[in-house]
Amino acid sequence: MALSPLNQRRWRNFRRNGRAFWSLIIFSVLFGLSLFAEFIANDKPILVSYRGELYTPFFKFYAETEFGGDFQTEAIYRDPEVMCLIDSGGLDQCFDDPEGIIEQIKAGTFEAEGFEKGWAIWPPIPYSYNTSVDRPGAAPLPPNGQNLLGTDDTKRDVLARVIYGFRLSILFTLLVTGVASMIGIFAGAIQGFFGGWLDLIFQRVIEIWSATPSLYVIIIMFAILGRSFWLLVILMILFSWTGLVGVVRAEFLRARNLEYVRAARALGVGNMTIMFRHMLPNAMVATLTFMPFIVTGTIGGLASLDFLGFGLPSSAPSLGEMTLQAKQNLQAPWLAFTAFFTFAIMLSLLVFIFEGVRDAFDPRKTFS
């Protein structure tokens, strides 16, 4: 579907804004990679070959007995015995000296009757966000070749948690911002277009609702219902939608008596068509101007709740929880540097992108 001439001009303006355009490319690459975090950082192989058959541990549960083990529980693929069973095709000798047999298989010196060598394809980072790293020493552990960004205070790989936490933060922000913005734009449009008593009553409701201490409400609801991702999304939407109401309302109040609106009314065009087809595009510049504040506020709100211990469940990969660990472990500066640069890069890219979108919608701005 071809873009309209107006949208083509907007896209050209956005492309000419180099900072916004390259920020969009960098952010798209980072976010796209994070969407496949399970293929990048995982404590399960992507693909396993055992006795001529292929297994996909990433997608399906396999008991240890599937690979010649003794337990009906899920195979711990990083365990030397399980790795030996997979590599050797289920030889009983793996229970006596798994690491020795693995070394012989890798060196090509192992011989056994009926031996059929297996293999496993591992992600680049063989740890998930909740995997405990097997390294000697007291946690948190500094960066090395095994853990490029070190480990946290429970010996979990920091790089894996950053990848999963980045994805979680962005998905949470997009979901909350998208739904809250639609609600706020609709409410502001209704107020500004109709005005009168509807606008007056709605403004008083918004003033009361905006004065409600959202942090206390979230903490209370979590204490009653328990912490969960979707409950936090709903609560954040309930307290975020008022951010755009005032801007959209002001634009609609200004535009409702302009001649093109009066002409549309005289021609019998419906109110909803006038509001969202004719008036809303003219209000988008002011709306998009405030969008970066909503996005960064949502990310900051999630990080603040996690930092205080009232955000996502403790098992979830959280950038705010990493910030708390940095505060509690000043002897591990890699945690503080990782948290700072992750937030700085993420927020900077999003602000630059939305600034470019705002300028692209502004007919007064062009880029050479």
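Taking every heavy atom of both residues into account, Ser132 and Arg78 meet most closely at O-NH1, 3.9 Å. Here the closest heavy-atom approach between residue Leu175 and residue Ile237 is recorded as O-CD1, 4.5 Å. The two residues Val245 and Ala187 come nearest to each other via the heavy atoms CG2-CB, 4.2 Å. The two atoms that bring Ala255 and Val261 nearest to each other are O-CG2, 3.2 Å, heavy atoms only. What you find for Phe194 and Met275 is that their closest heavy atoms are CE1-SD, 4.2 Å. Annotation for Gln146 and Asp134: closest pair NE2-O, 3.9 Å, computed over non-hydrogen atoms.
Ring pair Trp11/Phe14 is parallel by interplanar angle, where below 30° counts as parallel and above 60° as perpendicular. Using the six-membered ring where Trp is involved, Phe31 and Phe27 have ring planes that are parallel, under 30° apart on the 30 and 60° scheme.
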Discussion item. The test is side chain to side chain donor-acceptor pair (under 3.5 Å); show your working for Arg135 and Asn144 and say whether it passes.
Written reply: CA-CA 11 Å; Arg135 274 179 61 187; Asn144 67 356; 3.3 Å; yes
Discussion item. I'd like to know whether Asp359 forms a side chain to side chain contact (heavy atoms under 4.5 Å, CB included) with Asn13, so could you lay out the CA-CA distance, the side-chain angles of the two residues, the decisive distance to 0.1 Å, and finally the verdict.
Written reply: CA-CA 8 Å; Asp359 294 340; Asn13 284 343; over 6 Å; no
Item to complete: Could you go through the salt bridge (Lys or Arg N to Asp or Glu O under 4.0 Å) check for Glu207 and Arg204 one step at a time?
Response: CA-CA 5 Å; Glu207 289 173 2; Arg204 302 293 80 77; 2.6 Å; yes
Practice prompt. Could you please spell out the steps behind the side chain to side chain contact (heavy atoms under 4.5 Å, CB included) verdict for Leu319 and Phe343?
Written response: CA-CA 8 Å; Leu319 298 179; Phe343 278 114; 3.5 Å; yes
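Here the side chains of Pro123 and Phe58 are not in contact, with every heavy-atom distance at 4.5 Å or above. For the pair Phe222/Leu305, no side-chain contact is recorded, criterion being any heavy-atom separation below 4.5 Å from C-beta on. When side chains are defined from C-beta on, Ile46 does not count as touching Thr56, because their heavy atoms never get closer than 4.5 Å. A heavy-atom distance below 4.5 Å is found between the side chains of Tyr127 and Asn147. For the pair Tyr77/Trp122, a side-chain contact is recorded, criterion being any heavy-atom separation below 4.5 Å from C-beta on. Here the side chains of Ile274 and Arg256 are not in contact, with every heavy-atom distance at 4.5 Å or above. At a threshold of 4.5 Å between non-hydrogen side-chain atoms, the residues Ile125 and Asp157 count as touching. Thr296 is not listed as a side-chain neighbour of Leu350, based on a closest heavy-atom distance of 4.5 Å or more.
In this structure, the separation between CG on Asp306 and CZ on Arg227 is 8.0 Å, given to the nearest 0.5 Å. Rounding to the nearest 0.5 Å places CG of Leu149 at 4.5 Å from OG1 of Thr338. Atoms OG and CG, from Ser318 and Leu302 in turn, are 6.0 Å apart once rounded to the nearest 0.5 Å. Here the CZ-CD1 distance, from Arg19 to Ile353, works out to 11.5 Å after rounding to the nearest 0.5 Å. Rounding to the nearest 0.5 angstrom, the gap separating the CG atom in Leu308 from the CG atom in Leu324 is 8.5 Å. Note that CE of Met221 and CD1 of Ile234 are 9.0 Å apart. Values are rounded to the nearest 0.5 Å.
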Output side-chain donor-acceptor pairs under 3.5 Å for residues 162-170, partner residues at least two apart or in another chain, one line each.
residue: Tyr164; atom: OH; partner: Ala41; partner atom: O; Å: 2.6
residue: Arg167; atom: NH1; partner: Leu35; partner atom: O; Å: 3.4
residue: Arg167; atom: NH1; partner: Glu38; partner atom: OE1; Å: 3.0
residue: Arg167; atom: NH1; partner: Glu38; partner atom: OE2; Å: 3.4
residue: Arg167; atom: NH2; partner: Glu38; partner atom: OE2; Å: 2.9
residue: Ser169; atom: OG; partner: Gly165; partner atom: O; Å: 3.0

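Transitive grouping of hydrophobic side chains (ILVMFWY, heavy atoms separated by less than 4.5 Å) keeps Ile294 and Leu232 in distinct clusters. Hydrophobic clustering keeps Leu198 apart from Leu253 (ILVMFWY residues linked when any side-chain heavy atoms are closer than 4.5 Å, directly or through intermediates). A continuous path of ILVMFWY side-chain contacts below 4.5 Å connects Met346 to Ile40, so both sit in one hydrophobic cluster. When hydrophobic clusters are built by joining Ile, Leu, Val, Met, Phe, Trp and Tyr residues whose side-chain heavy atoms come closer than 4.5 Å, directly or via intermediates, Leu244 is not grouped with Val233. The hydrophobic cluster containing Val205 does not contain Val217, counting ILVMFWY residues as joined when their side-chain heavy atoms lie under 4.5 angstrom apart, directly or transitively.
A ring-centre distance under 6.0 Å is found for Tyr55 and Tyr62. Aromatic ring centres of Trp209 and Phe239 lie closer together than 6.0 Å.
Between Glu259 and Arg262 there is no salt bridge, since no side-chain nitrogen of the basic residue lies less than 4.0 Å from a carboxylate oxygen of the acidic one. We find that Arg156 and Glu321 are joined by a salt bridge, their nearest charged nitrogen and carboxylate oxygen being less than 4.0 Å apart. Classification of Glu251 and Arg254 as a salt-bridged pair holds, one side-chain N sitting under 4.0 Å from a carboxylate O.
The local environment of CZ in Phe61 is crowded, with over 12 non-hydrogen atoms from other residues, nucleotides or ligands closer than 6.0 Å. The local environment of CZ in Phe340 is sparse, with at most 12 non-hydrogen atoms from other residues, nucleotides or ligands closer than 6.0 Å. For CZ of Phe293, the number of neighbouring non-hydrogen atoms (other residues, nucleotides, ligands) closer than 6.0 Å is 12 at most. For CZ of Phe337, the number of neighbouring non-hydrogen atoms (other residues, nucleotides, ligands) closer than 6.0 Å is 12 at most.
Looking at Thr151, its side chain does come within 3.5 Å of a backbone N or O of Leu141 through a donor-acceptor pair. Side chain of Asn329 to main chain of Gln331: no donor-acceptor pair is present (N/O by atom type, distance under 3.5 Å, no hydrogens or angles). Using modelled atom types, one side-chain atom of Ser240 and one backbone atom of Met236 make a donor-acceptor pair closer than 3.5 Å. Using a distance-only test at 3.5 Å, with no hydrogens or angles considered, a donor-acceptor pair links the side chain of Ser228 to the main chain of Leu231. Counting only distance, with no hydrogens or angles, the side chain of Lys44 and the backbone of Ser128 share no donor-acceptor pair below 3.5 Å.
In this structure, Arg161 forms no cation-pi arrangement with Tyr129, as its terminal cationic atom is not both closer than 6.0 Å to the ring centre and no more than 45° off the ring axis.
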